[in-house]
Each structure stands twice: as C-alpha cells, then as structure tokens.
Visitor: 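Please find one structure pasted underneath; my questions will follow.
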Protein chains: 2
Amino acid sequence: MNNMIYVAIVEDDTEIRESLSMIIDSTPGYSCKQVFSNAEDAVAQLSQEDPDVVLMDIELPGISGIAAVSKLKPVLPDTDFIMLTVRDDDSTVFDAICAGATGYMLKNTPPNILLQAIDEVQVGGSPMSRSIARKVLASFQKPEPNPLSERETEILRHLCEGHNYRVIADKLFVSGHTVRTHIKNIYQKLHVSSRAEAVRRAIEDRIV
Amino acid sequence: MNNMIYVAIVEDDTEIRESLSMIIDSTPGYSCKQVFSNAEDAVAQLSQEDPDVVLMDIELPGISGIAAVSKLKPVLPDTDFIMLTVRDDDSTVFDAICAGATGYMLKNTPPNILLQAIDEVQVGGSPMSRSIARKVLASFQKPEPNPLSERETEILRHLCEGHNYRVIADKLFVSGHTVRTHIKNIYQKLHVSSRAEAVRRAIEDRIV
DNA sequence: GAGGCAATGCCTCATTTGGGGTAGTTGGGA
DNA sequence: TCCCAACTACCCCAAATGAGGCATTGCCTC
C-alpha cells in the first residue's frame, strides 16, 4: 500500500465531485483521500493532510482554486496540484501556473486521461490539455521581430543592465555622444521616451 | 490521401534517421516526405516544400536545429516543428521554444509516442516529454516573495509604466517628495540604484 | 549617382533623477 | 508601554537624462 496514490478533490459541482472521487477510488492504486466543495475548507484542512495530488477546480464559489493553490503550495511543497477548468483562456491559465500548479486539464477530459494525468505528475511530468500546452509554448514565442539595428540592440541590453551613458560608452569603445544618439534612436523606434519603458519593452518583447 | 500527414526529418545520425523515416512511412496515414542529415540542406530545400510536421534534431553538425527552426518557421508558418534531443537542459529547451518549436521530445521516446506527438501537433497540441513539460511550467513559478510594502509595490508598478515622480505623485494623491522617498526605499530593498534595474527586477521577479 | 540607413561624433538646455539628510504620524507587535 | 515599519513630507546638490539640433563616413539599394 506504499505505492498507493492519495488524491484530494476540490470541486463545487456535486455530481462531478462524486463522480471523480468514485472513479479514483475504484481504480486500483488510487485513493481519494478527501473531497471539498469549496476552497476555504480545502485550505483550512488540507494543510494538515498531505495528499500526493490535488485536483483543483478553478471556478469555485468564494475564493478561487488559483488563490487556494497559492496558499497551499507553500505549505505542501511536495503535493502536485492539477487544475481543472472549463475555460482555457489565457489569463487564468498563466495565473494558475504562476500560483504553483503542476498540471492543467480541461474538465471535459475523459476520466482515463485524468487518471493518466495523475500518474504523470507523480513521475515528474506536467500534464496539460492540448490547447493549454499550445498556449503555454506560444507564450514563449517572440511577438514581433525587433526593429533595432544590431548596435542598438546591444546598447539596449546595456540599458537593461542598468548601465549609464558613460559605462556603455566605455564598454563599446565609442563616445558618450554616440551612445546618446543610439539611445535616442532606440526610443524613437520603440515609441518610448524613457529608460524604464525601453527596459520593459526589451524584456517583454525580445532581447533580455 | 488528403488526410495524409507529410513529415520531414532532420537528423545527422544515419541509423536514427532511417529508422524514423521507416517507421513513419510504414504507418498508415503518415508519409516521410524528406530526410536531411544537416540543417543547411534542410533550410535550403525545405522552404520550397511544405511539410505538415518536421522532426528536427537539435544537435547537428554545422548550424543547430534551433537556428534552422528560427530560419524556417517564418517562411513555413503552418508547419509544426518538433524538436528531438538527447538532453533536456534548460537553456536549449527555452531557446528552441522561443525559436518557434511546437513540440519538444527526448530522443529516447518510443516510436509510438513519437507518432502520437506528430498527431498531437496536428490537432493543435504541443507534445512535450515529461521532464520538458515540467521545466516549462516551472519557469513560470515566481522565485521569491517580494520584499516591498504594498505602497512600494504600487509605485514600482508605475515606474514600470515609465511614469515619473510628478505623474506618480498625482495618481497616488501624495507629494512628489513622498514618491521619491518610496523609490529610494524600493532601491534599497531591491539592491538596485536606478529605474532601469528596478524595472527589470520588477518584471523578472514579481509584479507586472 | 542619388537616396537611405546605420554608426559615429558633437553641442545646448531644461528636467529628472539619485544620494544625502531630517522628521511627523500611525498602527501593530514585543 | 515602547519600538519599528510604513507612509508621509521636505531640503540640498551633483549627476544623469531626454529633447532638440547638426555632421561625417560607409554601405546598400534603386
């Protein structure tokens, strides 16, 4: 019984909740340790227990599943949280991931795939529904090519490091005047008018 | 034959290459359109063709598979690239993803899973080996909690927007002096000494 | 050969910024 | 009760910055 996988469920829809717990309990090697119908109860009680995996609904009455994970993950670092959701819109996906979710499945996922997902997190994976995985990878892809010349890009990199005119000039073996001119051109091309904005664009869009 | 999936392979190891192409060709519904033993040939010839999926080795003689994807993806936006690699170290994974890869599989993946991966990208997914998926999600998780007070965090957010003392002061209904004091404290706590560095830390670590 | 762009260098000027202080109030924790 | 952190406000000053110009040298394209 040492290789039994203990699962907890947080889900407000009674039908789904009971159906999930039944499926898990009836599968050899899996045990549904606890079920909660809201995040508050889960946060309060789950920190005492130590489930291997928590299936966490996102759309809950009261505090959301994402907030619950934020609270629980720090006290249960070895527990893997798999989010369940009906929607796969960008912001919730990324919020959940940032909160510490290890997997992210859509609710229409067939039970056998969900069980696979539970296995998957147990062996160090991160199961994601198709559309989620695609979104996550897409978020890494650079939006648009950078309009800056090579030299300007180099200087922008230095700006991100917090270097000032003088330092950049020294490092690039050009005069401070030149650096200033480049920076002015960078601002124009990026449609910004300060270091702060330029650094932000640099990090959020391309170089870093 | 309309639902035939055309695959191209770029792989320098002859044995693996031929084994892969054989597996693909012998599977109904899949056709191995072309094979290349290096990225240069692939880049030169593949832009004419239009494979559905390209299996791209990363470790290639000459230019790497990652650079090849960077070049090919812009001209073949509808083609999905699945990277194949023996290593799963962080930097190459993220470089490949940024270059435009849609999937990322380890080379020791069994052939049937690889075929599944090809299917997966075709239906809008992003197949990743276990360890890769985990790394990708882990990269989203916030490093450490922010040491700033609520007010300071608020001001840092404004700094990221490129606002200056005056503007921030107006928005928060406090004097410019106060804003300056807060910013000085922010710099101390973050161990930085300029807006640029503060903005960078803000984006890379927490808020934004 | 003309025109354009990238890279380089220079000037001036008003503003912003960062570093150094000091200090009052408030609310909560020891 | 006392102290501290957070928030507020103010002072001075040197340095950095952004905005506005102008000019030269290559290189590339039309």
Side-chain angles (χ1 to χ4, degrees), chain A residues 71 74-75 142 144-208, chain B residues 47 70-71 74-75 142 144-208:
Chain A
K71 288 202 174 68
V75 291
K142 321 200 165 181
E144 42 196 302
N146 104 31
L148 306 181
S149 72
E150 207 173 311
R151 194 58 153 176
E152 288 162 350
T153 302
E154 201 176 355
I155 288 181
L156 182 54
R157 247 192 302 272
H158 285 288
L159 288 186
C160 291
E161 301 290 330
H163 299 147
N164 64 19
Y165 291 148
R166 190 88 35 93
V167 174
I168 299 175
D170 286 352
K171 293 204 184 243
L172 300 186
F173 306 108
V174 296
S175 86
H177 297 293
T178 304
V179 174
R180 305 196 57 144
T181 306
H182 281 308
I183 292 180
K184 278 188 269 189
N185 292 333
I186 290 172
Y187 288 178
Q188 266 210 316
K189 289 186 181 176
L190 297 185
H191 309 296
V192 300
S193 57
S194 72
R195 267 171 152 62
E197 293 171 281
V199 168
R200 186 184 170 191
R201 286 288 305 278
I203 298 178
E204 286 187 346
D205 282 20
R206 73 201 109 272
I207 319 121
V208 169
Chain B
S47 31
S70 286
K71 288 202 175 69
V75 292
K142 319 196 164 180
E144 41 195 307
N146 106 31
L148 305 180
S149 73
E150 207 174 310
R151 196 60 155 173
E152 288 162 351
T153 302
E154 200 176 354
I155 288 182
L156 183 53
R157 245 191 303 273
H158 284 289
L159 287 186
C160 291
E161 301 290 331
H163 300 148
N164 63 20
Y165 291 147
R166 189 91 34 94
V167 174
I168 299 176
D170 286 350
K171 293 202 184 244
L172 300 186
F173 305 108
V174 296
S175 86
H177 297 292
T178 303
V179 174
R180 306 197 52 152
T181 306
H182 281 307
I183 291 180
K184 278 190 263 191
N185 293 333
I186 291 171
Y187 287 180
Q188 267 209 316
K189 289 185 182 177
L190 297 186
H191 308 295
V192 300
S193 57
S194 71
R195 266 169 152 63
E197 293 171 279
V199 168
R200 188 185 168 189
R201 286 287 305 279
I203 298 178
E204 287 187 347
D205 283 17
R206 75 202 109 269
I207 320 120
V208 169

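Only a predicted model underlies this, so the values are computations on that prediction, with no experimental measurement involved. For the numbers below, each heavy atom of this structure counts, side chains included, while hydrogens, waters and symmetry mates do not. Just so it is clear: chains get the letters A, B, ... in the order the sequence lines come, proteins before strands, and each one is counted from 1.
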Visitor: Check A:Arg151 with A:Glu154, please: is the shortest side-chain N to carboxylate O separation under 4.0 Å?
Guide: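 Judged by the 4.0 Å cut-off on N to carboxylate O distance, A:Glu154 and A:Arg151 do form a salt bridge.
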Visitor: Ignoring backbone atoms, establish whether A:His182 has a side-chain N or O less than 4.0 Å from OP1 or OP2 of C:dA6.
Guide: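 It does not, given that no N or O in the side chain of A:His182 lies less than 4.0 Å from OP1 or OP2 of C:dA6.
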Visitor: Here's one to test your reading of the geometry: is the NZ or CZ of A:Arg195 within 45 degrees of the ring axis of A:Tyr165 and under 6.0 Å from its centre?
Guide: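 Judged by the rule, A:Arg195 and A:Tyr165 form a cation-pi pair.
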Visitor: Write down the distance between CG (A:Asn185) and C1' (D:dT17), rounded to a whole number of angstrom.
Guide: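 Value for this atom pair: 16 Å.
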Visitor: Check the pair B:His182, B:Ile168 against side chain to side chain contact (heavy atoms under 4.5 Å, CB included), reporting the backbone distance first and the verdict last.
Guide: CA-CA 11 Å; B:His182 281 307; B:Ile168 299 176; over 6 Å; no
Visitor: Taking protein heavy atoms under 4.0 Å as touching, what does nucleotides 20-30 of chain C look like 5' to 3' if B marks base contact, S marks sugar-phosphate-only contact and - marks none?
Guide: BB---------
Visitor: On DNA chain D, check which nucleotide each of A:Ile183 and B:Pro147 is closest to and give me the residue with the more 5' one.
Guide: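 First, find each residue's nearest nucleotide; the 5'-ward one identifies B:Pro147.
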Visitor: Check each residue of residues 154-174 of chain A for a non-hydrogen atom within less than 4.0 Å of any atom in DNA chain D, then write out the ones that pass by number, or none.
Guide: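 Output list: A:Asn164, A:Tyr165, A:Arg166.
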Visitor: Any side-chain N or O of B:Thr178 below 4.0 angstrom from OP1/OP2 of D:dT8?
Guide: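 So the side-chain polar atoms of B:Thr178 never come under 4.0 Å of the phosphate oxygens OP1 or OP2 of D:dT8.
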Visitor: Starting at the 5' end of DNA chain D, which residue's closest nucleotide do you reach first, A:Ser194 or B:His177?
Guide: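 Result of the comparison: B:His177.
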Visitor: First locate atom NZ of A:Lys189, then atom CD of A:Glu152, and finally report the distance between them rounded to the nearest 0.5 Å.
Guide: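 Here the interatomic distance stands at 3.5 Å.
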Visitor: For B:Leu190, does its backbone N or O pair with a side-chain atom of B:Arg201 as donor and acceptor, under 3.5 Å?
Guide: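 Flag set: sc B:Arg201 to bb B:Leu190 pair under 3.5 Å.
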Visitor: So if I take every side-chain heavy atom of A:Ser193 and compare against C:dG19, D:dC7, D:dA19, which nucleotide ends up nearest?
Guide: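 Given the options C:dG19, D:dC7, D:dA19, the side chain of A:Ser193 is closest to D:dA19.
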Visitor: Atom CD of A:Glu150 and atom P of D:dC27: how far apart are they, to the nearest Å?
Guide: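 So the two atoms are 16 Å apart, to the nearest Å.
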Visitor: Would one find a side-chain N or O of B:Lys189 under 4.0 angstrom from OP1 or OP2 of D:dA6?
Guide: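 Looking at the OP1 and OP2 atoms of D:dA6, one of them is under 4.0 Å from a side-chain N or O of B:Lys189.
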Visitor: Looking at every heavy atom in both A:Tyr187 and A:Ala198, which two are closest together, and how far apart are they?
Guide: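 Smallest interatomic distance, heavy atoms only, reads CE2-CB, 3.8 Å.
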Visitor: For A:Ile186 versus A:Leu156, what's the shortest heavy-atom pair and its separation?
Guide: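 Scanning both residues completely, I find the closest heavy atoms to be CD1-N, 4.1 Å.
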Visitor: For A:Thr178 and A:Thr181, does a side-chain donor sit closer than 3.5 Å to a side-chain acceptor?
Guide: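 Checked: A:Thr178/A:Thr181 side chains show no N/O donor-acceptor pair below 3.5 Å.
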Visitor: So, does A:Arg180 get its side chain near the phosphate of D:dG18, meaning an N or O under 4.0 Å from OP1 or OP2?
Guide: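 A:Arg180 to D:dG18 OP1/OP2: no side-chain N or O under 4.0 Å.
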Visitor: Nearest whole Å is fine: how far is D:dT17 C1' from A:Tyr187 OH?
Guide: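 Going from OH in A:Tyr187 over to C1' in D:dT17 covers 8 Å.
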Visitor: D:dA6, OP1 or OP2 - any side-chain N/O from B:Ser149 closer than 4.0 Å?
Guide: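 Looking at the OP1 and OP2 atoms of D:dA6, neither is under 4.0 Å from any side-chain N or O of B:Ser149.
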Visitor: Please determine whether side chain to side chain contact (heavy atoms under 4.5 Å, CB included) holds for the pair A:Glu161 and B:Arg200, giving the CA-CA distance in whole Å, both sets of side-chain angles, and the decisive distance to 0.1 Å.
Guide: CA-CA 8 Å; A:Glu161 301 290 330; B:Arg200 188 185 168 189; 3.3 Å; yes
